[in-house]
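Okay, so here's the structure we're looking at.
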There are 2 protein chains.
Amino acid sequence: MANQWLDDGEQRAWRAFLGMTELLPSALDQQLQRESEMTHSSYIVLAMLSEAPGRSLRMSELAARAHSSPSRLSHTVSRLEKRGLVRRERSTEDGRGNVAVLTDAGWDVVVATAPGHVAAVRRFVFDVLTPEQVHQLEQIASAVLGELDPDGTLRPPSPAANPEP
Amino acid sequence: MANQWLDDGEQRAWRAFLGMTELLPSALDQQLQRESEMTHSSYIVLAMLSEAPGRSLRMSELAARAHSSPSRLSHTVSRLEKRGLVRRERSTEDGRGNVAVLTDAGWDVVVATAPGHVAAVRRFVFDVLTPEQVHQLEQIASAVLGELDPDGTLRPPSPAANPEP
DNA sequence: TGACAATAGTTGATCGTTCAATCATGAGGA
DNA sequence: TCCTCATGATTGAACGATCAACTATTGTCA
């Protein structure tokens with residue numbers, strides 16, 4: 001009934017996809033929660049900061065890279081700030097802007113947490129896919145992402161969206 | 001830093017995948033919220049019931065089909081019950097079990113909501129993928145799902161997991 | 001039969017997300 | 001310059017999800 005306008009193949013793909021997108025985030029959340037008392041979205045925020053020059057980013061830029069709404073990011077950063085993992089600074093260029101900075105303690109948490117997290121990602125995703133499937137996944141996800149966010153407003157500026165040559 | 005043990009291709013695939021899994025659920029949620037004041041997970045519950053014989057399912061079976069925890073499903077059904085879309089009945093076979101039944105009002109909501117929802121799914125996913133990519137997506141999602149839930153405890157009993165012949 | 005464990009599901013507290021409202025600063029035009 | 005609007009970000013309330021504890025029923029075995 002619900003999927004009356006999807007054909008059989010689409011329906012199978014959609015069901016499997018729904019299962020994956022329902023279960024994978026919880027699995028990653030649980031792993032991070034056990035090892036570091038951390039949510040996946042909090043971890044993403046720390047990870048993005050850890051990769052940025054000066055380990056700091058404007059809130060808006062950080063929101064884009066984490067695919068997060070301004071509000072959600074603000075709350076997340078507030079929680080991380082309370083734990084001493086991140087610090088806020090007023091932007092020097094634009095008095096309206098805030099800059100989130102990863103503290104040393106925050107850096108240590110990323111360093112301690114990354115291995116286990118990457119192992120989980122490997123285990124659940126890349127270990128069960130062939131190299132070809134990894135490439136296919138990138139193409140598929142990029143295509144969907146392009147429709148969800150055509151302007152790239154919610155995406156990082158540089159990479160991640162290169163169509164087949 | 002965070003993804004130090006993923007190679008370039010894996011990294012690109014993972015970033016795109018994260019973006020998709022972050023943005024797609026919100027997009028579907030928003031569409032359903034606008035049209036029917038309904039969450040995606042609530043919709044799934046109603047849709048699963050609408051497809052079941054007698055428009056009813058045991059709570060545990062419904063949880064498996066919706067990839068939901070018992071607790072989450074119980075809360076969701078309680079909310080739907082308050083809105084008159086679902087009703088609970090004690091199982092006749094097993095006095096511990098409860099059965100969720102889709103009411104006529106619930107059925108009407110599914111009928112009214114499905115077209116717009118399917119259109120959104122089409123727009124964001126299937127319209128931007130080739131038939132080949134749809135097949136690839138099914139293979140990929142099934143493989144990941146198999147690792148996330150090896151016993152199929154959280155999956156429907158019959159379909160959705162047929163590997164390459 | 002009685003005791004104990006396992007199963008099915010619910011509940012309340014807590015935490016994270018969403019939404020609408022708000023505040024402060026910067027930019028542009030009369 | 002002053003007024004207005006746009007931008008960057010935060011806040012609090014309401015809602016949904018998660019976790020641990022709990023109730024009720026069934027199954028098992030001595």
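Chain letters run A, B, ... following the sequence lines, proteins first, then strands; residues in each count from 1. As the structure is a prediction and not an experimental result, all values here were calculated from the model.
Across all strands shown, A/Arg58 has heavy atoms under 4.0 Å from sugar-phosphate atoms exclusively, and none from any base. Among the atoms of the strands shown, base atoms are found under 4.0 Å from some heavy atom of B/Ser74. Residue-level contact check: A/Thr76 touches the backbone only, with heavy atoms under 4.0 Å from sugar-phosphate atoms and none from bases. Across all strands, A/Asp29 comes closer than 4.0 Å to no nucleic acid atom at all (heavy-atom distances).
One finds a side-chain N or O of A/Ser41 lying less than 4.0 angstrom from the OP1 or OP2 phosphate oxygen of C/dT17. The phosphate of D/dA24 (OP1 or OP2) has no side-chain N or O of B/Arg90 nearer than 4.0 angstrom. Between B/Arg88 and C/dA8 there is no side-chain polar atom (N or O) within less than 4.0 angstrom of OP1 or OP2. Not one side-chain nitrogen or oxygen of B/Arg72 sits closer than 4.0 Å to the OP1 or OP2 atom of D/dG16.
Between A/Arg15 and A/Glu10 there is no salt bridge, since no side-chain N of the basic residue sits under 4.0 Å from a carboxylate O of the acidic one.
Judged by distance alone, the side chains of B/Thr113 and B/Ser36 do bring a donor and an acceptor atom under 3.5 Å apart.
Mapped onto DNA chain D by nearest heavy atom, A/Gln30 and A/Met59 fall at different nucleotides, with A/Met59 at the one closer to the 5' end.
Taking 3.5 Å as the limit, the base of D/dG12 and the side chain of A/His75 contain a donor-acceptor pair of atoms between them. The base of D/dT11 lies close enough to the side chain of A/Ser71 for a donor and an acceptor atom to sit less than 3.5 Å apart.
Residue A/Arg96 has its side chain nearest to C/dA24 when only C/dA24, D/dA17, D/dG12 are considered.
For A/Glu37 and C/dG16, the CD to P distance is 11 Å, given to the nearest whole Å.
Among residues two or more places apart in sequence or in another chain, the side chain to side chain contact (heavy atoms under 4.5 Å, CB included) test is passed with B/Glu132 by B/Thr130, B/Gln136.
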